[in-house]
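Right, one structure below, let's go through it.
By convention in this document, chain letters (A, B, ...) are assigned in the order of the sequence lines, proteins followed by strands, and residues within each chain are numbered from 1.
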There are 2 protein chains.
Amino acid sequence: MSDKRRRRVPRQVREQQIIDMAVQVFARRGYHPASVDEIAELAGISKPMVYLYLDSKEGLFLACLRREAERLVAAFRKAARDVGPPELRLWAGLSAFFAFVTEHRDSWVVLHRQTSELSTAITAEVARARRAVMAEVTGLVRDGIAEATGSVRLGDEEADFVAHVLVGAADSLTDWMESHPDETPERVTRRLMNMVWVGMRNVLGGEFWEPPEPPRTPEAPPSEEAGEESTEG
Amino acid sequence: MSDKRRRRVPRQVREQQIIDMAVQVFARRGYHPASVDEIAELAGISKPMVYLYLDSKEGLFLACLRREAERLVAAFRKAARDVGPPELRLWAGLSAFFAFVTEHRDSWVVLHRQTSELSTAITAEVARARRAVMAEVTGLVRDGIAEATGSVRLGDEEADFVAHVLVGAADSLTDWMESHPDETPERVTRRLMNMVWVGMRNVLGGEFWEPPEPPRTPEAPPSEEAGEESTEG
DNA sequence: CTCAATTCTTACTCTGAAGTAAGTTTACCG
DNA sequence: CGGTAAACTTACTTCAGAGTAAGAATTGAG
């Protein structure tokens with residue numbers, strides 16, 4: 001502890017420090033305006049070290065992306081693993097998601113809010129990360145539905161639709177939580193489950209909503225399919 | 001038509017052409033990597049014209065932002081205005097939202113997917129645009145609930161929560177629609193309404209979902225070292 | 001036709017930041 | 001010790017792209 005005079009730090013450690021700071025700066029500024037100089041300075045070293053260890057700015061960003069995606073998926077999985085009933089696993093997973101996003105806002109921003117302004121290599125990795133998260137949710141949704149209904153099994157498309165709704169809602173609620181600091185991840189999750197899950201249960205149970213007679217639909221056949229929206233896969 | 005040789009174009013027209021191209025380029029590349037030169041070239045003029053008319057790159061982006069936000073809100077409002085029952089107005093509004101986002105993907109990307117990498121002036125305008133969209137949805141939700149339940153009136157917070165869920169889900173479903181080209185905005189909207197709206201009706205009617213386990217405190221878990229994640233590579 | 005306003009261009013300046021060459025210090029191993 | 005590899009630095013080069021100066025071409029009014 002008193003040995004803090006060690007300026008020299010082994011590569012493995014320094015790399016993580018660099019990535020730590022890079023996540024912060026990328027989240028704050030975005031990919032392009034973020035300068036490697038600033039990241040290096042925050043990490044307590046000079047720029048060439050960054051290039052020595054991470055190759056390029058793009059490589060640095062990819063490292064951030066991979067590490068944070070891994071962490072998020074890990075948190076999600078770990079939370080859902082030990083719980084028994086699928087319905088609860090979904091709840092635990094979403095809860096962990098909110099907790100993670102609340103605690104590591106920078107990670108989420110880097111993972112999610114960087115659609116454009118990126119080279120193809122990075123775009124591919126972002127897509128991969130998104131798919132990984134989405135796949136976790138999709139799995140939980142499918143299991144949860146099967147359990148809750150006892151018989152209904154969602155097709156890929158349905159489960160994917162639901163997963164998109166949940167992830168999108170969760171993302172948006174991340175913003176909402178910023179203006180409601182008293183809300184905990186658990187409370188938000190419960191509310192979301194209440195809105196979406198109860199609805200899904202009932203829809204699968206046969207309680208549909210549909211627009212009545214369209215008074216003046218511009219271009220849509222009125223009654224093509226009445227209530228067979230859900231179990232088509 | 002050889003008469004199309006009119007090189008000179010009045011300012012008002014040229015400005016719109018510039019903004020048209022700017023929206024495309026900003027959406028494709030993101031704010032910083034977008035070059036004013038490229039925008040100018042696509043608009044058929046040279047760079048100084050852009051600066052003469054729009055002041056700066058930031059001014060150009062702000063013009064894009066304002067115009068597209070106005071268009072989206074207008075589409076939303078117009079769709080919802082003529083319909084009678086609030087529940088249907090919500091449906092019409094969301095439907096218009098999907099239709100707009102499907103048709104004008106660039107507009108939506110510029111409006112929504114540009115969180116960081118922006119100066120404070122722009123950030124403020126983005127926030128404004130988001131709030132405008134959110135306020136529309138919130139209004140429809142509140143009316144819809146009041147109508148559907150007959151008595152329940154949502155507080156600001158509740159309505160805002162629901163609006164965030166809907167907008168976030170809609171945004172995410174925009175991605176989903178890309179891999180499902182046969183889906184129409186109407187069908188997607190109906191599915192979303194089925195998931196969210198039916199659930200909300202029932203929740204407000206007293207059918208709650210809650211985790212069976214009594215709320216175990218997130219801050220003080222009993223034993224947290226069950227499954228280790230030592231290997232992170 | 002003339003003149004003035006508007007539209008538009010060529011040809012710069014200048015800054016910030018990615019990436020690198022070449023060398024210097026520290027740590028550890030025998 | 002001494003020497004070697006790993007950790008680290010200073011001091012560049014290079015380039016893209018924002019922003020501008022100065023003036024040319026077009027149009028329309030009188």
Who passes side-chain hydrogen bond (donor to acceptor under 3.5 Å, both in side chains) against [X], sequence neighbours left out?
X      : value
B/S107 : B/E68
B/E41  : none
A/D55  : none

Report all side-chain donor-acceptor pairs from residues 69-79 of chain B shorter than 3.5 Å, counting only partners two or more places apart or in another chain.
{"residue": "B/R77", "atom": "NE", "partner": "B/E136", "partner atom": "OE1", "Å": "3.4"}
{"residue": "B/R77", "atom": "NE", "partner": "B/E136", "partner atom": "OE2", "Å": "2.9"}
{"residue": "B/R77", "atom": "NH2", "partner": "B/E136", "partner atom": "OE2", "Å": "2.8"}

### Task
Quick one: label B/A34 by what it contacts on the DNA or RNA (base, sugar-phosphate, nothing), any heavy atom closer than 4.0 Å.
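Touches sugar-phosphate only.
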
### Query
Between D/dA6 and A/R14, is there an OP1 or OP2 to side-chain N/O distance shorter than 4.0 Å?
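The answer is no; no side-chain N or O of A/R14 sits under 4.0 Å from OP1 or OP2.
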
### Message
Between A/R8 and C/dC28, is there a contact of a side-chain N or O with OP1 or OP2 at under 4.0 Å?
### Response
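No, outside the criterion.
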
Return the value, rounded to whole Å, for the distance between atom [atom1] of [X] and atom [atom2] of [N].
X     : N      : atom1 : atom2 : value
B/I39 : D/dG17 : CD1   : P     : 11 Å
A/E58 : C/dG19 : CD    : C1'   : 14 Å
B/R29 : D/dA16 : CZ    : P     : 14 Å
B/D37 : D/dC15 : CG    : P     : 17 Å
A/E38 : C/dG16 : CD    : C1'   : 13 Å
B/K57 : D/dA16 : NZ    : P     : 15 Å
B/H32 : C/dA18 : NE2   : P     : 11 Å

## Note on the structure
Winner on side-chain proximity to B/S56, out of C/dG19, D/dA18, D/dG19, is D/dG19

Result block: side-chain N/O donor-acceptor pairs under 3.5 angstrom for residues 93-104 of chain A, not counting sequence neighbours:
{"residue": "A/T102", "atom": "OG1", "partner": "A/F98", "partner atom": "O", "Å": "2.6"}
{"residue": "A/H104", "atom": "ND1", "partner": "A/F100", "partner atom": "O", "Å": "3.4"}

### Task
Please work out which residues in residues 43-55 of chain B have a non-hydrogen atom less than 4.0 Å from an atom of DNA chain C and list them by number.
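Within this stretch, B/I45, B/S46, B/P48, B/M49, B/Y53 sit under 4.0 Å of the strand.
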
### Query
Can B/D182 and B/R187 be counted as an ion pair, charged N to O under 4.0 angstrom?
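Salt bridge: no.
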
### Task
Output yes when A/R131 and A/D160 qualify as a salt bridge under the 4.0 Å nitrogen-oxygen rule, no when they do not.
no

